[in-house]
Amino acid sequence: MTFPVVGMVGGGQLARMTHEAGIPLGIRFKLLSDTPQDSAAQVVSDVVVGDYRDLDTLRDFARGCDVITFDHEHVPTEHLRALEADGIPVRPGPEALVHAQDKGVMRARLDALGIPCPRHRIVSDPADVAAFAAEGGSSGPGGPSGEGGGGRRTGFPVVLKTVRGGYDGKGVWVVDSEAEAAEPFKAGVPVLAEEKVDFVRELAANVVRSPHGQAVAYPVVESRQVNGVCDTVIAPAPDLDEELALKAEEMALTIAQELGVVGHLAVELFQTRDGRILVNELAMRPHNSGHWSMDGAITSQFANHVRAVLDLPLGDPRPRAKWTAMVNVLGGDYPDMYSAYLHCMARDPQLKIHMYGKDVKPGRKVGHVNTYGDDLDDVLERARHAAGYLRGTITE
């Protein structure tokens with residue numbers, strides 16, 4: 001029997017961990033990486049170094065692959081259509097992926113589906129931002145102007161986002177006046193204005209969908225950010241009303257079905273102070289908010305993404321423990337993280353460390369840790385201590 005070859009575009013840690021999930025199944029991976037030093041390029045045996053923005057490079061790479069998938073959303077949409085025209089399965093396909101590539105397209109489609117989002121619209125210049133800030137919103141559930149949900153905040157501050165290319169806080173500005181709104185327009189791409197949501201916390205609903213329509217939903221998690229970067233994820237989200245959790249899962253499953261997503265979909269959400277949930281962002285690939293599932297779920301997001309793109313039956317997403325915490329390990333002033341293993345592993349034999357093979361730079365995601373158990377405070381303390389010790393901010 002010939003095992004299939006999965007072509008992964010992008011050589012980051014998501015590709016590295018997706019490859020790891022395919023190893024027990026005998027799935028072969030081919031990688032298109034920017035450099036031989038990228039995280040996944042260090043562990044995948046079949047690596048092509050090239051530019052994913054070049055169509056000829058993509059076509060050469062796709063030869064011999066049974067399916068193409070991604071660890072980022074930046075491949076040009078027209079290139080993906082060309083691959084499909086060549087007969088190469090692309091999962092998720094371009095008609096779905098464009099909603100994760102272009103925030104304007106995503107907002108318009110979610111409005112059409114009646115999915116609640118922050119008040120928003122495309123703006124043309126700083127004066128238009130000021131006009132948006134003063135507009136306010138309606139009480140409807142959605143609509144083409146994105147004025148759904150009721151109780152919308154008016155005036156500054158306003159959140160501005162370039163419609164393409166932003167991630168981990170990049171391409172996002174919170175502005176307090178018309179004068180501060182000039183910077184985003186310098187990028188030369190459309191700018192999306194959104195109300196600054198008065199939220200209690202950020203949540204994420206992670207689902208996986210296969211080509212034949214099977215779908216599974218992971219428990220809704222709480223995602224805690226520091227300086228615009230995910231720091232901690234708690235699964236399941238503590239004290240989340242069961243009805244609201246079910247609504248978030250159903251919303252994510254609806255989005256996956258209506259957009260034709262194949263593979264993993266992360267729906268990042270705001271939980272507002274008045275009891276609503278609003279869609280913040282979409283990611284159509286394994287996602288930081290699902291890293292907990294590597295050790296905390298029966299089937300991880302990475303394993304289910306592999307199954308989905310190959311149209312295999314999906315695995316059970318249920319949690320193995322009452323609580324699982326994921327804390328990102330960010331680079332600090334101590335590059336020798338391996339020396340910290342002795343302390344971390346001796347202190348917590350149940351600790352799971354996942355390092356990405358990256359050079360340590362201050363603020364850079366270089367790994368994450370997972371802990372699990374029946375006591376949430378204990379689980380969080382263990383994860384935070386390990387991540388801090390690896391980084392060097394905790395020394396005992």
Side-chain angles (χ1 to χ4, degrees), residues 99-100 106 110 113-118 141 149 197-209 214-225 229-259 261 263-305 308 314-328 368 370-377 379-380 383:
H99 298 90
M106 179 264 289
L110 295 185
L113 293 173
I115 301 292
C117 298
V197 176
D198 184 21
F199 62 89
V200 177
R201 58 179 171 175
E202 294 185 59
L203 305 172
N206 290 280
V207 299
V208 182
R209 181 176 178 272
Q214 184 190 10
V216 296
Y218 288 88
V220 177
V221 300
E222 178 177 340
S223 178
R224 298 179 180 177
Q225 318 295 312
V229 177
C230 178
D231 177 81
T232 301
V233 172
I234 304 171
D239 303 316
L240 180 61
D241 178 77
E242 184 176 348
E243 184 176 341
L244 201 61
L246 182 60
K247 181 179 179 181
E249 291 178 8
E250 290 177 342
M251 187 185 300
L253 289 168
T254 296
I255 293 170
Q257 178 178 342
E258 293 295 329
L259 271 54
V261 176
H264 185 271
L265 169 70
V267 181
E268 298 179 65
L269 302 161
F270 294 125
Q271 181 182 357
T272 68
R273 295 189 186 278
D274 57 1
R276 296 172 295 138
I277 49 174
L278 305 175
V279 174
N280 179 24
E281 303 277 3
L282 301 180
M284 295 181 192
R285 51 174 170 74
H287 190 258
N288 206 166
S289 64
H291 288 358
W292 69 273
S293 66
M294 295 177 75
D295 304 296
I298 294 172
T299 312
S300 76
Q301 65 164 345
F302 299 103
N304 262 335
H305 184 77
L314 301 180
D316 193 333
R318 288 179 298 171
R320 294 179 181 271
K322 183 177 181 181
W323 300 105
T324 302
M326 188 283 315
V327 176
N328 279 320
H368 70 272
N370 286 334
T371 56
Y372 48 87
D374 294 330
D375 184 289
L376 178 57
D377 290 337
V379 167
L380 279 171

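In what follows, residues are counted from 1 in the order of the sequence shown. None of these values were measured; they are calculated from a predicted model.
Between Arg224 and Glu202, the closest side-chain pair of non-hydrogen atoms is not below 4.5 Å. Using a 4.5 Å heavy-atom cutoff, the side chains of Leu203 and Val221 are not in contact. With contacts defined as side-chain heavy-atom distances shorter than 4.5 Å, the pair Leu259/Met284 qualifies. Considering only heavy atoms from C-beta on, Pro116 comes within 4.5 Å of Met251 through its side chain. Gln301 has its side chain out of reach of Met294: every pair of non-hydrogen atoms, C-beta onward, lies at least 4.5 Å apart. Residues Asn280 and Leu269 form no side-chain contact, since every pair of their non-hydrogen atoms from C-beta on lies 4.5 Å or further apart. At a threshold of 4.5 Å between non-hydrogen side-chain atoms, the residues Val261 and Ile255 do not count as touching. When side chains are defined from C-beta on, His291 does not count as touching Val233, because their heavy atoms never get closer than 4.5 Å.
Distance check, rounded to the nearest 0.5 Å: OG of Ser293 to CZ of Arg318 gives 15.0 Å. Rounding to the nearest 0.5 angstrom, the gap separating the CD atom in Gln271 from the CZ atom in Arg201 is 4.5 Å. Rounding to the nearest 0.5 angstrom, the gap separating the CG atom in Asp295 from the CG atom in Asn370 is 4.5 Å. With values rounded to the nearest 0.5 angstrom, Glu258 atom CD is found 10.5 Å from His99 atom NE2.
Pro317 approaches Ala297 most closely through the heavy-atom pair O-CB, 3.8 Å. The two residues Ala252 and Leu265 make their nearest non-hydrogen contact at O-CD2, 3.7 Å. Contact record, Cys230 with Asn328: O-ND2, 2.6 Å, taken as the closest heavy-atom pair. Between Phe302 and Pro286 the shortest heavy-atom distance is CE2-CB, 3.4 Å.
Remark: the backbone N or O of Gly315 is paired with a side-chain donor or acceptor of Asn304 at under 3.5 angstrom. The closest donor-acceptor contact from the side chain of Tyr218 to the backbone of Ser300 lies under 3.5 Å. Not one N or O on the side chain of His287 forms a donor-acceptor pair closer than 3.5 Å with the backbone of Ala283. A distance-only check finds no donor-acceptor pair linking the side chain of Thr272 to the backbone of Ile277 [under 3.5 Å]. No donor-acceptor pair under 3.5 Å is formed between the side chain of Asp198 and the backbone N or O of Arg273. His264 places a side-chain N or O within donor-acceptor distance of the main-chain N or O of Arg285, the cut-off being under 3.5 Å. In terms of modelled atom types and a separation under 3.5 Å, the side chain of Arg320 and the main chain of Gly296 share no donor-acceptor contact.
Using a 30° and 60° split on the angle between ring planes, Phe199 and Phe270 fall in the parallel class, below 30°.
Considering Asn206, Thr299, Val208 as possible partners of Val216, the one that fulfils the side chain to side chain contact (heavy atoms under 4.5 Å, CB included) test is Val208.
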**Request:** Apply the test side chain to side chain contact (heavy atoms under 4.5 Å, CB included) to residues Leu113 and Thr254: give CA-CA distance (whole Å), side-chain angles for both, the deciding distance (0.1 Å), then the verdict.
**Result:** CA-CA 9 Å; Leu113 293 173; Thr254 296; 5.5 Å; no
**Residues Asp231, Val229; criterion side chain to side chain contact (heavy atoms under 4.5 Å, CB included); working and verdict** = CA-CA 6 Å; Asp231 177 81; Val229 177; over 6 Å; no
**Request:** Please report the C-alpha distance between Asp375 and Trp323 in whole Å, then the side-chain angles of each, then the deciding distance to 0.1 Å, and finally whether the side chain to side chain contact (heavy atoms under 4.5 Å, CB included) criterion is met.
**Result:** CA-CA 7 Å; Asp375 184 289; Trp323 300 105; over 6 Å; no
**Request:** Under the side chain to side chain contact (heavy atoms under 4.5 Å, CB included) rule, what do Leu278 and Cys117 come out as? Steps first, then yes or no, please.
**Result:** CA-CA 5 Å; Leu278 305 175; Cys117 298; 5.7 Å; no
Could you pull out every donor-acceptor pair under 3.5 Å between side chains of residues 237-248 and any protein atom, sequence neighbours left out?
from	atom 1	to	atom 2	distance (Å)
Asp241	OD2	Glu243	N	3.0
Asp241	OD2	Leu244	N	3.2

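Listed by chain and residue number, nothing satisfies the side chain to side chain donor-acceptor pair (under 3.5 Å) test with Thr371 (two or more places apart in sequence, or in another chain).
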